[in-house]
Amino acid sequence: MRERGHAVDILGVRVDDVTYAEALGTLRQAIEQRAPHIVTTPNPEFIMLARRDAAFRAVLNRAALNIPDGIGLVLAARLAGDRLRAHVQGTDLVLMLADESAARGERWFLLGGFGQVAERAAAALSARFPGLVIAGALSGSPLPSDDEAMRARIRAAGRVDVLLVAYGAPKQEDWLDRNLAELRIPVGIGVGGVFNYLSGEAVRAPGWVRRIHLEWLHRLITQPWRWRRQLALPAFGALALAHAVRRRLGP
């Protein structure tokens with residue numbers, strides 16, 4: 001497994017300073033070595049949840065790779081005089097990894113989502129990336145009491161190289177923390193709403209919106225039910241600013 005490089009502490013959560021190429025390289029090495037590797041996608045909502053939930057914070061901090069999925073994390077690091085070189089979004093990382101996996105005939109399993117969204121996302125991935133093998137897809141259950149049954153379903157699918165889990169935070173990260181090592185799957189990624197984008201259930205922001213880092217605003221406009229979750233953003237900003245001032249002023 002690749003030695004962990006530079007990381008930034010964002011209000012108690014480790015965020016890895018990686019580019020897309022470096023993240024993909026880490027996952028490629030994990031697959032080749034068959035070394036279980038949990039990947040999380042922290043954003044300001046994750047950070048605020050982790051501040052309230054010590055168990056979730058511990059899960060994030062022992063994950064193999066925490067990509068800077070939220071632009072707010074990049075800005076918070078900059079305010080504090082540190083640096084995250086890239087805004088590495090989970091959706092794009094999944095698509096890049098799928099492209100690589102298709103060329104190698106690797107096997108993926110999709111777990112989570114509501115109703116048939118995992119199956120529809122799997123069909124979309126297969127159509128977009130010929131050569132990618134979908135070993136299985138099911139909504140399943142994030143409950144610890146159902147872990148054994150979920151592991152049995154996944155094992156029945158045969159070899160799995162990449163497992164995507166979409167139960168939302170913190171359920172998906174908790175599930176991976178409990179189960180990935182026992183399954184001996186090299187890469188497990190908590191993907192949140194990625195299945196919705198892949199299946200067409202939700203519309204992703206246009207490229208130009210993503211390039212100016214306003215995907216969060218597009219999401220709020222197109223999914224107004226998220227407004228309560230977005231209340232975490234100003235609270236995160238205030239805490240990040242306070243932390244940056246304290247750090248720059250010194251002890």
Task: Within-4.5 Å side-chain heavy-atom neighbours: Gln89 and Tyr20 - done: yes

Open item on the list: Please give me the minimum heavy-atom distance between Leu11 and Leu239, naming the atom from each residue.
Closed with: CD1-CB, 3.8 Å

Open item on the list: Given 3.5 Å as the limit, does a donor-acceptor pair link the side chain of Gln172 with the main chain of Gly192, or not?
Closed with: yes

Open item on the list: Ignoring hydrogens, what is the shortest heavy-atom contact between Ala157 and Arg107? Give both atom names and the distance.
Closed with: O-NH2, 2.5 Å

- [ ] Return the minimal non-hydrogen interatomic distance between Ala118 and Gly112, and the atom names on each side.
- [x] CB-O, 3.4 Å

Task: Step-by-step side-chain contact (heavy atoms from CB on, under 4.5 Å) determination, Ile185 to Arg159 - done: CA-CA 8 Å; Ile185 293 173; Arg159 190 193 86 239; over 6 Å; no

Open item on the list: Any non-hydrogen side-chain atom of Arg153 less than 4.5 Å from a side-chain atom of Leu138?
Closed with: yes

Open item on the list: Show every ring pair (Phe, Tyr, Trp, His ring centres under 6.0 Å) that has at least one partner inside residues 46-76, sequence neighbours left out.
Closed with: Phe46-Phe56

Open item on the list: Do Phe236 and Asn43 have side chains that approach each other closer than 4.5 Å (heavy atoms only, starting at C-beta)?
Closed with: no

TODO: Provide the closest heavy-atom pair for Ser139 versus Tyr167 in the form atom of the first, atom of the second, distance.
DONE: O-OH, 2.7 Å

TODO: Give the minimum heavy-atom separation between Ala244 and Leu79, together with the two atoms involved.
DONE: CB-O, 3.4 Å

TODO: For residues Arg151 and Arg178, determine if any side-chain heavy atom of one lies less than 4.5 Å from a side-chain heavy atom of the other.
DONE: no

Task: From OG1 (Thr40) to CD1 (Ile67), nearest 0.5 Å - done: 7.5 Å

Open item on the list: Testing Leu143, Leu163, Asp146 one by one against Trp175 for a side chain to side chain contact (heavy atoms under 4.5 Å, CB included), which residue passes?
Closed with: Leu163

Task: Steps toward side-chain contact (heavy atoms from CB on, under 4.5 Å) verdict (Asp161, Val187) - done: CA-CA 6 Å; Asp161 302 301; Val187 174; over 6 Å; no

- [ ] Determine, using the 4.5 Å side-chain heavy-atom cutoff (strictly less than), whether Leu176 and Phe195 are members of one ILVMFWY cluster.
- [x] no

- [ ] Give a yes or no on whether a salt bridge exists between Glu32 and Arg104, defined as a side-chain N under 4.0 angstrom from a carboxylate O.
- [x] no

Open item on the list: Using the rule that Ile, Leu, Val, Met, Phe, Trp and Tyr join whenever any side-chain heavy atoms are under 4.5 Å apart, tell me whether Ile31 and Ile38 fall into a single cluster.
Closed with: no

Task: Main-chain N/O of Asn61 paired with Arg14 side-chain donor or acceptor, under 3.5 Å - done: yes

Task: Distance in Å, Ile154 CD1 paired with Leu110 CG, rounded so as to fall on 0.5 Å steps - done: 10.5 Å

Task: Short side-chain to backbone donor-acceptor contact, His6 and Asp16, under 3.5 Å - done: no

TODO: Consider only side-chain heavy atoms of I, L, V, M, F, W and Y, link residues closer than 4.5 Å, and tell whether Leu49 and Val59 are in one cluster.
DONE: no

TODO: Using the rule that two of Ile, Leu, Val, Met, Phe, Trp, Tyr join whenever any of their side-chain heavy atoms come within less than 4.5 Å, decide whether Leu93 and Leu180 are in one cluster.
DONE: no

Task: CD on Gln116 to CD on Glu201, rounded to 0.5 Å - done: 10.5 Å

Task: Residue pair Leu84 / Val74: nearest heavy atoms and the distance that separates them - done: O-CG1, 3.8 Å

- [ ] Taking the side chain as every heavy atom from C-beta outward, state whether Leu97 and Leu24 have any atom pair closer than 4.5 Å.
- [x] yes

TODO: Could you note down all residue pairs passing salt bridge (Lys or Arg N to Asp or Glu O under 4.0 Å) where residues 73-98 supplies at least one of them, sequence neighbours left out?
DONE: Asp17-Arg85, Glu22-Arg85, Asp82-Arg247, Asp92-Arg204

Open item on the list: Has Asn66 got a side-chain atom pairing as donor or acceptor with Pro42's backbone, closer than 3.5 angstrom?
Closed with: no

Open item on the list: What I'd like to find out is whether the side chain of Pro186 reaches to under 4.5 Å of the side chain of Arg34, using heavy atoms alone.
Closed with: yes

TODO: Starting at CG of Asp177, measure out to CZ of Arg62 and round the result to the nearest 0.5 Å.
DONE: 4.0 Å

- [ ] Any chance you could measure Leu95, atom CG, to Glu100, atom CD, to the nearest 0.5 Å?
- [x] 12.5 Å

Open item on the list: Is the shortest side-chain heavy-atom distance between Pro68 and Val18 below 4.5 Å?
Closed with: yes

- [ ] Please tell me if the side chains of Leu198 and Thr91 come closer than 4.5 Å, counting only heavy atoms from C-beta onward.
- [x] no

- [ ] For the pair Ile189 and Val194, evaluate side-chain contact (heavy atoms from CB on, under 4.5 Å) and give the outcome as yes or no after the intermediate values.
- [x] CA-CA 11 Å; Ile189 311 176; Val194 169; over 6 Å; no

- [ ] Could you state whether Val133 and Phe129 fall into the same hydrophobic cluster, counting links through intermediate Ile, Leu, Val, Met, Phe, Trp or Tyr residues with side-chain heavy atoms under 4.5 angstrom apart?
- [x] no

TODO: Check the pair Trp108, Val94 against side-chain contact (heavy atoms from CB on, under 4.5 Å), reporting the backbone distance first and the verdict last.
DONE: CA-CA 11 Å; Trp108 286 30; Val94 166; 4.0 Å; yes

